[in-house]
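Contents: one structure, followed by commentary.
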Amino acid sequence: MSLKKDFPIFKNNPDLVFFDSTSTTQKPSFVIDGIKHYLENDYSNIHRGMYDIAQNSEKLYKKSKEIIAKFLWISDTKEIIYTYNSTYAINLFTSSLARSKYLKAWDKVLLSIVEHHANIVPWLILKEEIGIEVEFIWITDNYDLDLADFDEKYDDKVKIISLTNVSNVTGQIFNLSEIWRRKREDTLFVVDASQSVPHMRVDVKEINCDVLFFTGHKVMADSGIGVLWWKRDLLNELTPSFSWGWAIGEVTCNSFTSSSLPDKFEPGTPNVTWAVSLLKAFQYIESIGWFKKIEEIEDDLMEYFLERLQGFENIELMWSYKKENRVWVFSLVFNNYHSNDIAEILAEKGIAVRAWKHCAHPLFTKFGYANSLRVSLYIYNTKKDIDKFFDVISNLKNS
Ligand SMILES: Cc1ncc(COP(=O)(O)O)c(C=O)c1O
């Protein structure tokens, strides 16, 4: 059963069909009220004050990291760094690699062709700045990682593999354990979990990665908080790309030392309100029955969407037809229409979708598609929403 009633946006916009959750998710009252309660009762700076509300804020910040550790199966909360979003997280990581001279010219970084630009551009910047090589692993016709291609490209020069866990275009879940099984000890394994954390259980020990990041607003927290997890040894090894305020230990007129983990990677005043919103979002997931409930709702809706899609001959679906390997994101390629035009027609009917190339241009180039209409659902959607969508699509000429 849908959890729409928990999300006030639908009470205030009764005709809204929100099919753009891959871009960002709506917020339940539990998160909204939690933020309000924090600002009204406990708001303060952290790491500095002795007074009660400063201590309460400190506790909430700590609790927020504890729940992230619990959900990602991390044993050390000091390995968790809060950033502003996924893009900021990966940039903090890559720029710290550069500052620490971890990579040199001709070292290779392997990505997949489905990556979001957030996991491409920071590496291309290192290519410009240091002269590293960036190479892309293809995917198969089933939209899965092409392991044969991986084996071919994974040579001695590869120092880092950075892959998404789930594609934001196709919804395909990559079997990352396969990568871990094939990789050498001396290669760092970075995982973009921006699209997996909202939908499924993610266990860093099971994936066996060294670095993982995701963004809070895609999992019902407020926008403005991202999570970057690094193994402690690596964190100790690297110098943050920038440092000030709380990230600093001792300062004299001509020298400074960095503070300890994780603070050296969290410069300045942390946004405790965002951390509280993240805490509340994960508490909400706990309260509804963890990912079992999310998967149950998604499976039911996925089944129904596919049923309704049958018979539309001019629509191609970018996906693998293996339901167990995917989350609730559908990219539809219309042979007769540009996705922008359909998104506009849908918007007039109160249906929010995403058009164009979804910040994954290399994937579209590889498959030769000009653009797609991305329909992405979450726990507040219903079969009625799907019906409304297909009513509009059925009325398009030649669809
Ligand atoms: C797979 C993936 N990685 C990274 C990002 C970037 O997230 P943010 O804009 O919150 O930094 C997105 C956003 O759509 C994404 O889908």
Do Phe93 and Ser241 have side-chain heavy atoms sitting under 4.5 Å apart? no

Between Lys62 and Glu58 (salt bridge meaning N to carboxylate O under 4.0 Å), is one present in this structure? no

Check for me whether Lys65 meets the cation-pi criterion with Tyr82, that is, NZ or CZ under 6.0 Å from the six-membered ring centre and within 45 degrees of the ring axis. yes

Salt-bridge criterion met for Asp20 and Arg354 (N-O under 4.0 Å): no

Do Asn371 and Asn340 touch side chain to side chain, with heavy atoms closer than 4.5 Å? no

Side-chain H-bond candidate by donor/acceptor type, Tyr38 with Ser57, under 3.5 Å: yes

Does a donor on one side chain and an acceptor on the other come within less than 3.5 Å for Thr140 and Asn142? no

Would you find more than 12 non-hydrogen atoms of other residues, nucleotides or ligands less than 6.0 Å from Lys36 atom NZ? no

Assess the pair Phe334 and Phe312: is the distance between their ring centroids shorter than 6.0 Å? no

Whether Asp222 and Lys27 form a salt bridge (side-chain N of Lys/Arg under 4.0 Å from carboxylate O of Asp/Glu) is what I want to check. no

Would you check if Tyr369 and Glu316 make a side-chain contact, meaning some heavy-atom pair closer than 4.5 Å? yes

Could you tell me whether Lys384 and Asp387 have a side-chain N and a carboxylate O separated by less than 4.0 Å? no

Before accepting this row, confirm whether a basic side-chain N of the pair Lys4/Asp385 lies closer than 4.0 Å to the acidic partner's carboxylate O. yes

Using a strict cut-off of less than 4.0 Å between a Lys/Arg side-chain nitrogen and an Asp/Glu carboxylate oxygen, indicate whether Asp155 and Lys157 qualify as a salt bridge. no

Less than 6.0 angstrom separating the ring centers of Phe71 and Trp73, yes or no? no

Does Lys127 reach the side chain of Val109, with side-chain heavy atoms less than 4.5 Å apart? no

Would you mind checking if Lys63 and Glu66 are paired as a salt bridge, meaning a charged N to carboxylate O distance below 4.0 Å? no

Please tell me if the side chains of Trp290 and Arg201 come closer than 4.5 Å, counting only heavy atoms from C-beta onward. no

Taking the six-membered ring where the residue is Trp, are the ring centres of Phe367 and Tyr143 under 6.0 Å apart? yes

Is any side-chain heavy atom of Ser100 closer than 4.5 Å to a side-chain heavy atom of Thr239? yes

Regarding Ser21 and Tyr380, is there a side-chain donor-to-acceptor distance under 3.5 Å anywhere? yes

All heavy atoms of Phe213 vs all of Val190, minimum pair found to be CE2-CG1, 4.0 Å

Is the closest basic N to carboxylate O distance between Arg182 and Glu178 below 4.0 Å? yes

For a 4.5 angstrom cut-off between non-hydrogen side-chain atoms, does Val191 reach Val211? no

Decide yes or no for Phe30 and Asp6: does some side-chain heavy atom of the first lie under 4.5 Å from some side-chain heavy atom of the second? no

